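See structure below.
This structure is a prediction, so every number in the text was calculated from the model and none was measured. Whatever order the structure lists ligands and atoms in, that order sets their numbers, starting from 1. The chain is numbered in sequence order, starting from 1.
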Amino acid sequence: MRVLITGGGPTGLTLAIDLARRGVEVRVVDKADGFFRGSRADTIQPRTLEVFDDLGVVDAVLAAGSLPPAYRVHLDGHTVEERRMAELRAPRPDQPYPNPWTLGQAQLEKILRSRLADFGTRVESAMELTGLEQDEHAVTAYFGTGEIERFDYLVGADGGSSTVRKAIGAAFHGTTDETFRLVIGDVYAPDLDPTIGHWFAAATSPMTGVVMTPLPGTDMFQLNTPIGMDDDASLTTMQTVLDGFSAGVHLSGCHWSTVWRPNVRLAERFRVGRVFLAGDAAHVHPPTGGQGMNTSVQDAYNLGWKLAAETKLDSYETERRAVAATALKTSDDLLRLYAAGRAEAHKRGEEHLGLHISYRPQSATGALAPGDRAPDALVRDSTGKQIRLFDLFRGPHATRLVFGASAPDADHSYAVLRPGDDPTDFGRYVIDIDGNAFAAYSAYTASADGHVLIRPDGHLAY
Ligand SMILES: Cc1cc2nc3c(=O)[nH]c(=O)nc-3n(C[C@H](O)[C@H](O)[C@H](O)COP(=O)(O)OP(=O)(O)OC[C@H]3O[C@@H](n4cnc5c(N)ncnc54)[C@H](O)[C@@H]3O)c2cc1C
């Protein structure tokens with residue numbers, strides 16, 4: 001099977017890794033001459049870290065990034081307090097990555113490209129998709145170079161102004177708000193303490209100001225602030241806003257910057273025949289809440305195993321369009337609070353973490369139900385060594401857990417002992433959930449009649 005991925009951003013790279021590790025022949029093209037160099041999305045949510053664990057990049061991501069910083073609040077040039085957007089959470093057996101992780105998007109993309117290269121695949125830069133046609137057997141792709149090639153499937157991971165989305169005629173419903181503008185820039189501020197984030201505002205309006213987040217692995221901050229209708233994304237604009245708050249901060253340079261307008265849209269279709277849309281091509285979000293890139297990566301992860309096996313392809317749109325609609329609402333609500341200078345815009349609840357995302361059919365009930373994310377748990381293998389359920393799930397396969405009975409002698413099929421069961425009765429594949437994980441045991445067994453099938457993307461099959 002041959003798949004064309006249009007776009008080498010986080011979505012295209014994630015999908016390419018997932019397909020390549022399944023032995024699918026994949027071509028990744030990007031119209032840009034060089035790789036994107038800005039921080040853009042600087043927050044990787046816990047569920048995305050779990051995806052990266054499965055794809056073999058989580059150690060590199062954790063090494064390159066850092067926990068979200070606390071912010072020092074400066075009002076009219078006076079430091080008044082330090083605060084966090086969300087309290088840090090301790091790891092739990094079912095949630096090994098409990099907190100978001102800060103890392104600039106350009107650095108994340110570099111890590112993903114390096115992982116993709118492990119499979120012998122590289123992003124082809126300066127290769128623009130200009131058009132496509134499809135019939136029931138294949139998709140024909142037309143490139144700016146004049147090249148024409150046929151593929152079994154084509155995935156449009158080509159961002160908000162997707163050529164693929166336009167080519168398949170999928171409407172992109174939503175709104176663009178021309179009355180609110182933000183500048184986002186990666187800047188140098190050599191006199192500012194880089195071990196913490198900073199918030200600058202006026203005492204009379206403390207919730208509208210400039211946020212500066214240190215970018216791990218660099219000597220830059222990501223600066224983010226509302227600007228006027230006539231302002232541009234220049235260093236002068238950013239310096240002027242800071243000076244207006246008596247910040248006393250000198251910006252010595254700018255690596256990348258952009259003006260962002262609220263553009264909140266959801267594609268009507270995520271699939272037409274052999275062509276799929278994923279990531280920003282299918283939904284664009286406000287940066288508030290850090291959902292855009294995370295939802296995009298998770299689209300790719302939902303699609304990869306289905307495409308490789310040519311199975312359940314219709315469920316991609318059903319499952320991911322619903323998730324994207326919810327994420328859009330969350331980030332749009334936050335943006336409105338932010339624009340109104342409300343304190344709630346600076347607080348993060350658990351809904352941002354992505355751990356509760358579920359593809360539950362409407363009929364499903366219970367604490368853990370088919371469609372839900374399969375939680376991690378600490379378990380012991382048949383040699384008595386402690387491992388995690390995620391160690392068993394990791395890889396391109398599905399995993400079968402059989403509770404309280406011997407499992408079929410098949411790859412990735414494990415018998416799980418009930419607390420107190422004798423391991424000798426259960427054959428070779430024995431997992432002994434120890435006392436600490438009893439809650440996980442109860443949740444899993446309550447969800448099914450002794451058998452649980454975990455899909456390759458870590459959700460309980462339904
Ligand atoms: C200023 C800003 C701040 C953001 N902040 C956050 C945040 O804090 N948290 C968060 O989660 N998200 C954030 N986002 C959103 C996040 O950056 C996107 O959701 C993410 O980049 C989507 O990834 P993608 O791979 O789908 O698309 P993109 O990263 O846009 O990649 C698409 C790629 O397709 C290529 N391409 C386009 N057309 C063609 C074509 N015809 N042929 C070949 N290649 C093509 C482009 O060159 C590009 O490289 C932010 C976005 C912006 C703009």
*Which of the ligand 1 atoms, numbered from 1, are nearer than 4.0 Å to a heavy atom of Met127*: 43 (C)
*ligand 1 versus Val164: contacting region, heavy-atom distance under 4.0 Å*: neither
_Thr11, Thr48, Val259: member with heavy atom nearest to atom 26 (O) of ligand 1_ = Thr11
*Report yes if Met293 has an N/O atom closer than 3.5 Å to an N/O atom of ligand 1; otherwise report no.*
yes
*Measure from atom 36 (N) of ligand 1 to every heavy atom in Asp280, Asn224, Asp158, Val123 and give the option owning the shortest one.*
Asp158
*Between His198 and Phe200, how do the two ring planes meet: parallel, tilted or perpendicular, split at 30° and 60°?*
parallel
*asked:* Just to confirm my output: which protein heavy-atom neighbour is closest to atom 16 (C) of ligand 1, and how far is it?
replied: Gln105 OE1, 3.7 Å
*Using heavy-atom distances, let me know which of Asn294, Leu112, Asp30 sits nearest atom 35 (C) of ligand 1.*
Asp30
*Ala281, any N or O under 3.5 Å of ligand 1 N or O*: no
*Can an N or O of Trp256 be found at a distance shorter than 3.5 Å from an N or O of ligand 1?*
no
*With heavy atoms under 4.0 Å as the rule, classify the contact between Ala157 and ligand 1 as side chain, backbone, both or neither.*
backbone
_Selected option - heavy-atom contact closest to atom 39 (C) of ligand 1, from Arg165, Lys31, Gln45_ = Lys31
*asked:* Judged on heavy-atom distance to atom 23 (O) of ligand 1, which of Gly279, Gly8, Pro10, Gly9 sits nearest?
replied: Pro10
*asked:* Tell me the contacting part of Thr163 for ligand 1: side chain, backbone, both, or neither, using a 4.0 Å heavy-atom threshold, strictly below.
replied: side chain
*Does the cation-pi check pass for Arg274 over Tyr153, that is, NZ or CZ under 6.0 Å from the six-membered ring centre and within 45° of its axis?*
yes
_Polar side chain donor-acceptor pair, Asp42 to Thr102, under 3.5 angstrom_ = no
_Once you measure the plane-to-plane angle for Phe151 and Phe143, does it fall in the parallel (<30°), tilted (30-60°) or perpendicular (>60°) bin?_
perpendicular
